[in-house]
Amino acid sequence: MNYWLMKSEPDEASIADLERAGQLPWTGVRNYQARNFMRDAMRVGDGVLFYHSSCPEPGVAGLAEVASTAYPDATQFDPASKYFDPKSSPEAPRWLHVDVRWRRTTRLLSLAEMREAPELVSLRVLQRGNRLSITPVSPSEWAAVLKRLDA
DNA sequence: GCCAACGTTGGC
DNA sequence: GCCAACGTTGGC
């Protein structure tokens with residue numbers, strides 16, 4: 001069982017959108033490291049911290065879980081999509097994604113609050129210069145976040 | 001394979 | 001809108 005933090009811009013897909021839909025394909029990842037996490041390391045049932053980014057209140061907004069293994073992202077083949085990738089083809093898809101299932105909508109655990117938490121000093125997403133949209137979370141970091149959400 | 005230029009991310 | 005950090009691209 002692994003744990004992850006996945007960033008989403010709430011304008012595109014918020015935790016409320018995920019709650020409504022129940023499950024969503026995590027489309028639009030165009031970074032090889034993030035893709036490789038989904039392809040090589042994610043397993044169905046893995047825990048996901050749903051993080052709102054590029055918004056007035058960035059932070060963890062809910063909990064989700066990995067609901068599928070990785071499969072080709074359809075938006076890469078669609079010329080009308082902003083995620084269209086002319087260098088990809090259905091024969092050799094470049095971009096993959098998993099499906100994510102809603103579990104809980106929580107209070108917002110803000111970025112500022114996470115930075116103040118001693119148990120979270122090593123959290124990948126808090127590291128200087130981090131831009132990855134998908135990062136691993138350790139079991140102890142996961143537990144620390146849950147504890148703070150329940151507190 | 002190097003590296004400069006450029007693009008993107010994302011908090012502030 | 002700014003800008004630091006980092007990824008990607010492409011000429012050589």
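Labels below follow one simple rule: chain letters A, B, ... track the order of the sequence lines, proteins then strands, and each chain is numbered from 1. Both backbone and side-chain heavy atoms feed into the values below; hydrogens, waters and symmetry mates do not.
With hydrogens and angles ignored, the 3.5 Å screen pairs a side-chain donor or acceptor of A/S8 with a backbone N or O of A/A13. The backbone N or O of A/L126 sits less than 3.5 Å from a side-chain atom of A/R115, completing a donor-acceptor pair.
Minimum atom distance to the side chain of A/S53 is reached by B/dG11, of the listed B/dG11, C/dT8, B/dT8. Nearest to the side-chain atoms of A/K7 among the listed nucleotides B/dG10, B/dG11, C/dG7 stands B/dG10.
For A/K87 and C/dT9, the shortest distance from a side-chain N or O to OP1 or OP2 is below 4.0 Å.
In this structure, A/Y32 places its OH atom 16 Å from C1' of C/dC6, rounding to the nearest Å. Following rounding to the nearest Å, A/N36 (CG) and C/dG7 (P) show an atom-to-atom distance of 13 Å. Rounded to an integer number of Å, the gap from NZ of A/K82 to P of B/dT9 is 9 Å. One can place CZ of A/R115 at 8 Å from P of B/dG11, the figure rounded to the nearest angstrom. In this structure, the CG atom of A/L132 is 21 Å from the P atom of C/dA4, given to the nearest Å. Look at CG on A/N31: it is 10 Å from C1' on B/dT8, rounded to the nearest Å. Spacing between atom CZ of A/R30 and atom P of B/dG10 amounts to 15 Å, rounded to whole angstrom units. The separation between A/E113 atom CD and B/dG11 atom C1' is 17 Å, rounded to whole Å.
Counting non-hydrogen atoms under 4.0 angstrom, A/E9 reaches nothing in the nucleic acid.
A salt bridge does not link A/E116 with A/R148: none of the charged nitrogens is closer than 4.0 Å to a carboxylate oxygen. Under 4.0 Å is where a charged nitrogen must lie from a carboxylate oxygen, and between A/D40 and A/R35 no such pair does.
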